[in-house]
Amino acid sequence: MGYIAKTCTIVTAVCALLPAAANAENDWIHLYPFDWQVELEYEGRNEQRGGFGSTQDSRYTQKLQVRQTGYSIAPQIFDFSITLTPTFMQGQQDSFLRTTQSDSTFLDYNVDLAVLRGSTLPFDLGVGASRNTGTISNSLGSRERFTQEHRSLNLGIKLPAFPMQLIYKERLQDHTSQSRLTSTTRRRDEFQQSVKWRGQSSKMQVEVEKRWFDDRISDNDYELLQQSITHSLAWGKNSNLRTRQEYITREGANPFSRFSVSEGLRLQHLENLQSALEYNYTSIEQNTDTEVQFGQYVLNYRPSKTSSMVITARGRNSELETGSELEFGGSMGIRYAKDVFLGGKLNFNLSTSSLQTDRQSNGSTFETVDASHTVPVTLIVLLETRAIEATSIIVTDASAAQVFLEGVDYIVRALSGDRTELQILTSGLIAAGDTILVSYSAAAQPSAEFNEGIVQGGISLNFDWVELYHQSQAAKSTLQSGSFGEGNNDRIEQTTGVRLKRSGKWFEATAAAETYFQEAGDFANRSDSYSESVHVQLSAQTHLFLSAGQIFFESDGQEINLNQWDVNLEWLPGFGLSVKPFVNGWDRQEATGNFEERLRAGLNLTWKFRKFDLDFDASHSELVTQNTDQTEDRIGVRIVRRSR
């Protein structure tokens, strides 16, 4: 009954607002046609786990969005936009343990005003305000209330030579939550203000921003000042000088200061000869003090249209509280391309580089924060740093908002040579292709002098239907002194592959095979991958997509075999209708006996007709591992009715 009553409330509100909006226009205010949109959505899920019973989830959503735009006198003088969005949600979860119900109510509004935005006067003014409120509760006593408010003021000064903007923003967030009726209420109450001045000419840009953060619950208040100036000067043909200075200081909670300068010079000496010089200086004062200087010179020469040569010299000096490190080196590389028989193209590259490092360390612990990694299809993430403290590892998503759990989303494995890897679990929240951030503590490397020489080269032969390629890299690292004594740490990487492609009037097919080998000291891994894909146009309205792949992975005593396949059909009969059935699956086998097998099939249907949208999704999935069996059925329906 609650669902029906709220749906009737939405429809009644729309009918009442339509005539009111139609009669609101008079001589001094002009309204554009009134916009409204109603959304009704249902989502259902049934999950069955072997030995744990079944769980059913259902959620109903009713959403209304109304928007009125208009202007006064003229659109260039004063225009406005007002949006109001109420949302109601109801949910229920049934499991072998309990039945819970939840109700949620959200109300959002947004107001934007612009004065003299399109006029010829030397200034304009923009005002914005929004408010988001919500209440979430369930039958077990959980309660959550939140309010978010944003306000902004933007003053633009249209000076021909140096246009400027003055921007004021403030944000209020009040959040209260309680996990059950007898638990302690937690509250978050924050207020943030910022003022930014920005000016820009054809050659220079200046920004100054001040932020104030007031945590009304905890002592986390701070003030932050950020200043930057960027200047660029161009002359001749493709020659320019670019300078940037930036200073940031934060007082209060987690204080720090940072100063950086970067200089970049590019010179076009001849039509086929150019050079670039770069210098960066950074100084950071936080828990530890850091000072880094970096310089690089690059010479690029193109003796012909098919060949090029690049010579680089670079150096870096780092002064840390854990010690210091001096690096300097250089490289030289050539590239060559040539058209060969039967319309093929030959590409060749060869480069060599050398790096000399002198490291002085006091042996203390250092921290790595938010190192970015992309999860491969093998679901194994190798951390680059040695001697990592396993208990210090923290893994989050790319926004650092979701913290993943060890043993649930991933496990930590220690490898030989003080290496560490993360094994991603498919039963968790991390998937192949995701970007994760990893933070950890590690022992600082001891004092040492060492050098590294790298030689790498590659060759490829590309025709319209086939491409053959090979890439190799060999690195030789020599430890000259230090607490480790003397020794070598050589590294080899090789990639060899072939890609095939054939196409016709109604089809397109591709196939690829690649082998990759890496060896670094006493650590080695190898992977062989194969993939195929076919796109068949069965008719003008029907397309079939097939793909499959297999990867064999071997590393430090681990052996993994991964197979995956995907079948999709797309049917477009017309009248805005789209029907897409699909089925896909994959299985993962390890030499230890661990395995995972997944199968998923479903249907996606979309219909867009005039002012009406319909989306329907249904899927069934099965997951089998050595420990448990799991099945899941999902269904979703979304209906949208628009005013125009």
Side-chain angles (χ1 to χ4, degrees), residues 230-246 260-283 290-320 324-338 346-359 371-372 384 445 448-460 469-480 488-495 518 520:
T230 304
H231 183 269
S232 61
L233 178 63
W235 71 91
K237 184 179 181 181
N238 295 330
S239 297
N240 60 73
L241 172 65
R242 183 177 178 86
T243 303
R244 177 176 174 83
Q245 296 183 10
E246 184 177 38
S260 62
V261 178
S262 63
E263 301 277 353
L265 174 64
R266 175 175 174 170
L267 297 173
Q268 187 76 39
H269 306 282
L270 301 172
E271 187 69 25
N272 61 348
L273 180 65
Q274 64 181 18
S275 63
L277 180 64
E278 178 185 358
Y279 172 77
N280 296 315
Y281 170 82
T282 302
S283 174
T290 303
E291 186 175 298
V292 179
Q293 299 184 69
F294 172 79
Q296 178 174 270
Y297 176 77
V298 180
L299 182 67
N300 194 325
Y301 175 54
R302 295 184 61 89
S304 67
K305 294 182 178 180
T306 60
S307 61
S308 63
M309 180 175 63
V310 178
I311 300 175
T312 303
R314 60 184 178 274
R316 181 193 300 271
N317 182 38
S318 303
E319 297 290 340
L320 317 171
S324 63
E325 189 169 272
L326 175 63
E327 298 178 352
F328 58 90
S331 64
M332 182 178 68
I334 58 173
R335 290 182 176 273
Y336 177 75
K338 181 178 177 58
L346 177 68
N347 292 279
F348 172 78
N349 67 84
L350 178 66
S351 65
T352 179
S353 64
S354 176
L355 180 66
Q356 179 78 32
T357 304
D358 183 4
R359 182 173 59 216
S372 179
E384 299 176 357
Q445 297 296 304
E449 294 182 9
F450 56 93
N451 60 55
E452 182 179 60
I454 299 176
V455 177
Q456 60 182 359
I459 186 171
S460 67
Y469 61 92
H470 175 79
Q471 189 77 23
S472 295
Q473 181 186 92
K476 184 177 181 61
S477 300
T478 303
L479 184 65
Q480 297 173 327
N488 297 325
N489 184 21
D490 300 340
R491 185 175 71 251
I492 298 176
E493 292 185 44
Q494 294 180 342
T495 303
Q518 180 190 42

Roughly how far apart are [X] [atom1] and [Y] [atom2], rounded to 0.5 Å?
X    : Y    : atom1 : atom2 : result
D358 : S324 : CG    : OG    : 7.0 Å
T312 : Q296 : OG1   : CD    : 5.5 Å
R491 : E452 : CZ    : CD    : 5.0 Å
E327 : N317 : CD    : CG    : 9.5 Å
Q356 : L326 : CD    : CG    : 9.0 Å
R335 : F348 : CZ    : CZ    : 11.0 Å

Side chains of [X] and [Y], heavy atoms from C-beta outward: is any pair under 4.5 Å?
X    : Y    : value
N280 : E278 : yes
K338 : T306 : no
D490 : I492 : no
S331 : R314 : yes
R359 : F450 : yes
L346 : I459 : yes

When you look at E271 and R302, which way does the side-chain contact (heavy atoms from CB on, under 4.5 Å) test go after all the steps?
-> CA-CA 9 Å; E271 187 69 25; R302 295 184 61 89; over 6 Å; no

Judged by atom type as modelled, is there a donor-acceptor pair below 3.5 Å linking the side chain of Q268 to the main-chain atoms of L270?
-> yes

Which residue, Q456, Q494, Q518, forms the side-chain hydrogen bond (donor to acceptor under 3.5 Å, both in side chains) with Q473?
-> Q456

Least distance between heavy atoms, [X] atom then [Y] atom:
X    : Y    : result
S275 : H269 : OG-NE2, 2.7 Å
L267 : W235 : CD2-CZ2, 3.5 Å
N272 : P303 : ND2-CA, 4.2 Å

Residues in side chain to side chain donor-acceptor pair (under 3.5 Å) contact with S472, at least two apart in sequence or another chain | H470

With a 3.5 Å cut-off and no angle check, do the side chains of S283 and E291 form a donor-acceptor pair?
-> no

Quick one: list whatever passes salt bridge (charged side-chain N to carboxylate O under 4.0 Å, His left out) with K305, sequence neighbours left out.
-> none

Applying salt bridge (charged side-chain N to carboxylate O under 4.0 Å, His left out) to E246 and not counting sequence neighbours gives R244

Should N349 and N347 be marked as a side-chain contact (heavy atoms from CB on, under 4.5 Å) after you check the CA-CA gap, both sets of side-chain angles, and the distance that decides it?
-> CA-CA 7 Å; N349 67 84; N347 292 279; over 6 Å; no

Please report the C-alpha distance between T495 and Y469 in whole Å, then the side-chain angles of each, then the deciding distance to 0.1 Å, and finally whether the side-chain contact (heavy atoms from CB on, under 4.5 Å) criterion is met.
-> CA-CA 8 Å; T495 303; Y469 61 92; 4.1 Å; yes

